[in-house]
Amino acid sequence: MIRLLELEWLKNKNNLPFWILLGLYGATMYVACSLGTVLMNITFEMTTSGDIPPQIPDFNIYNYPDIWHNLAYLASFVKVFLGIIVISAISNEISQKTLRQNIIDGLSRIEFLGSKFLTVLILSIASTLLLLGLTTYFGMTYGETVDYDTNEKVDFILGHFIQILTFLSFCMFIGMLIKSTGLAIVFMLVWSLFLETFIFWIIFGFENSVSQYMPIHVINDLVQIPFSILNPDNVQTSVSYESITLGLAWTILFFLLSLVKINRGNIYEY
Amino acid sequence: MDTVLQTKGLTKKYGKLLAVSNLEFSVQKGQVFGILGPNGSGKTTTLGMLLQVISPTSGSFEWFGEIPSAKSRKNIGAILETPNFYPYLSATDNLKIVAKIKGADKSRINIVLKEVGLYERKSDKFQSYSLGMKQRLAIASSLLSDPEVLILDEPTNGLDPEGIIEIRNLILKIAESGKTILLASHLLSEVQKVCTHFMILKKGNKLHQGSLSELGQDETIIQIAAKDMVLLENTITSLAGVKTVTHTGKFLSISVEPEVTTEFISEALATKGITASHLLKTESSIEEKFINLMQQS
C-alpha cells in the first residue's frame with residue numbers, strides 16, 4: 001500500500017494542474033466558509049444605520065454547535081474541484097496510455113485501481129481536515145457562543161468525510177467509464193446537478209421510493225440544508241446512520257464496478 | 001536451451017475479424033527474435049496479448065515456464081507501439097515511476113539514461129523531447145530493471161535515417177549483452193540486420209519461422225529480364241535446377257539450386273534465341289523469402 005501511495009506521489013508531485021486545482025479547492029473552501037461574514041456585515045450595517053427590520057433574525061452562522069452543520073453544508077458546494085482532480089487523474093492515464101504502460105511494466109490492474117482509490121481516500125481526509133481547520137478558525141474569530149464542551153453536531157464533520165468519499169468514488173468510476181477527460185467532467189456535472197433526479201422522476205414518477213437510494217441523492221442527504229423558513233422543525237439535526245451506511249455502500253459499489261470495468265476491458269483499447 | 005516464451009494456439013478475434021490465428025511459437029534464451037509482417041498482420045495484437053493488455057480469445061502462453069502475471073511482467077522490459085510517458089514529467093521522474101512499479105533500484109536510472117545517451121537531457125520534460133529521444137527513453141525504461149527479456153514494437157518507426165541507425169546500434173549492443181529480444185517490425189532490413197531468428201506473420205497467421213542463418217544457404221536467387229517476358233518465363237520454368245519463379249517488379253526472380261550459375265542460364269536462353277537484358281545473381285535474403293512467402297499464400 002505504501003508502494004502505491006509513493007507511486008501516486010511520484011505521478012503528482014510535479015503535476016502543476018493537480019496543485020492548481022487543489023489550491024483552487026482550498027481557496028473556494030475558504031470563500032464558501034467566509035460567506036457568513038458577508039451576511040454579518042450586511043446585518044451590522046443595517047443595525048448601525050438603524051433601519052434593521054425586526055423580522056430578520058440574527059444571522060451569525062459561526063455559533064457553536066450550528067457552525068459544524070453550516071460550514072459542512074457550504075463546503076459541499078465546492079467539492080466539484082476535487083471531483084475534477086480525481087476524474088483527470090484517471091482519464092489522463094487512459095488517454096496518455098500510461099495506464100497501459102503501467103500494466104506492461106508490471107502493475108496489476110487491481111493495484112492501479114487501488115492507487116487511485118488511495119488518492120480518493122487521501123483527498124477525502126485532506127478535505128475533512130481542511131474543514132475542521134476552517135471551522136475552528138471561523139468559530140474562534142466570529143462565533144459568539146464558544147461552547148467547546150458539547151459534542152453536538154460534530155458528526156457533520158464525519159458526514160462531510162463520507163460525502164466527499166462517496167462523491168470522489170463516483171468520480172473515480174466516471175473516470176474509468178468515460179475515456180475523454182472533458183466528457184467525463186461534463187457528465188459528472190450534468191449527472192450531479194440534475195440528470196440523476198430527472199431520470200428517476202421520468203421512470204418512477206415524482207413521488208418514488210427509489211431515487212432516495214441513488215448516489216447523488218445519498219451524497220446530498222448526508223449534509224442537508226441547515227435552515228428552513230417554511231418548515232423549521234424538519235431541519236436535519238444529525239447525520240443519520242442510514243445515510244452513512246448508504247454512502248459507504250455506494251463507495252464500495254463504485255470501487256467494485258470500476259474493478260469489473262478494468263478487469264473486463266482490453267487495456268490496449270482504452 | 002531455456003525456453004523464455006512458449007505460446008499455444010494463441011488466438012484473438014475482434015468480432016468477425018481474426019487478428020491472430022492459432023499462433024504457436026517459442027523463443028529461446030539469448031535469441032533476437034523478429035516478428036515480421038506488414039501493418040495489420042497482428043504483430044502488435046500478439047505482443048499486446050503477451051504483455052496482458054489484450055485478452056486472448058483462446059489459447060495460452062507461458063513466460064519463463066510459468067503462467068503469466070504481474071510478477072512475470074516485471075522481468076520483461078517492453079514498449080508497445082509508441083513510447084508512453086507522463087508528458088509533464090522529466091525523464092528521471094518518469095523512470096522513477098517505472099522503477100517503483102518494477103521494484104528496480106533507483107541507481108539504475110542514471111545508468112540506463114547514459115546507455116541511451118539521454119543523461120544530459122534527464123531533467124527536461126518528456127513533452128519537449130523529439131521522437132527519437134522519446135524512443136530512446138522508452139528503450140532506457142525497458143532496460144531499467146535489467147530484465148531478461150526486451151520487447152520492442154516498431155522501435156524505429158517514424159525516425160529519420162540517423163535516428164534509425166542510432167536505435168539499431170543500440171539494439172545490437174543490447175543483444176550482445178546476451179538479453180533475449182522480441183522485435184516486431186514491418187521493415188525487412190531491420191529484422192535482417194538485427195535478428196538471429198524470425199517469424200513471418202500475415203493476417204494473423206504464421207507463414208514461416210526459422211533462423212536467419214538457415215536462409216541463404218539452401219537458395220540462390222537470380223534476377224532476370226528480357227524483351228519477351230512470357231517466352232522468358234516459359235523457358236525458365238522448364239529449366240533444370242529452377243525451383244520457383246516469381247515476378248518482382250520488372251524482373252523475374254528465380255530461386256535455383258546452388259549449382260545453377262548465370263552462365264548456365266544465359267547459355268540456355270541463347271539456344272531459344274532470347275537475350276537477357278538483365279541478369280543478376282543475388283544471395284538469398286530474407287526479403288525474397290518474404291516476398292515468396294507472401295505471394296504463395
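Each chain gets a letter, A, B and so on, in the order the sequences are listed, and its residues count up from 1.
- With a 4.5 Å cut-off on non-hydrogen atoms, Phe85(B) touches chain A through its backbone but not through its side chain.
- Using a 4.5 Å cut-off between heavy atoms, Asn92(A) does not touch chain B at all.
- Of the two parts of Leu89(B), only the side chain, counted from C-beta on, holds a non-hydrogen atom closer than 4.5 Å to a non-hydrogen atom of chain A.
- For residues 4-17 of chain A, the interface with chain B (any heavy-atom pair closer than 4.5 Å) comprises Glu6(A), Leu7(A), Leu10(A), Lys11(A), Lys13(A), Asn14(A), Asn15(A), sorted by residue number.
- Note on ring orientation: taking the six-membered ring where Trp is involved, the planes of Trp191(A) and Phe187(A) are parallel (angle under 30°, cut-offs 30° and 60°).
- For Gln96(A), the parts lying under 4.5 angstrom from a heavy atom of chain B are both the backbone and the side chain.
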Let me have the donor-acceptor pairs involving side chains of residues 116-123 of chain B, under 3.5 Å, with sequence neighbours excluded, atom names and distances please.
from      : atom 1 : to        : atom 2 : distance (Å)
Arg121(B) : NE     : Asp124(B) : OD2    : 2.3
Arg121(B) : NH2    : Asp124(B) : OD2    : 3.3

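- Under the 3.5 Å distance criterion, with hydrogens and angles disregarded, no donor-acceptor pair is assigned to the side chains of Gln31(B) and Thr196(B).
- In this structure, Lys116(A) pairs ionically with Glu93(A), as a charged nitrogen and a carboxylate oxygen lie closer than 4.0 Å.
- For Ser41(B) and Asn39(B), the side-chain atoms include no donor-acceptor pair closer than 3.5 Å.
- Taking the six-membered ring for Trp and thresholds of 30 and 60 degrees, Phe194(A) and Phe198(A) have ring planes more than 60 degrees apart, a perpendicular arrangement.
- With hydrogens and angles disregarded, a donor-acceptor distance shorter than 3.5 Å links the side chain of Thr7(B) to the backbone of Leu23(B).
- In terms of modelled atom types and a separation under 3.5 Å, the side chain of Lys179(B) and the main chain of Pro147(B) share a donor-acceptor contact.
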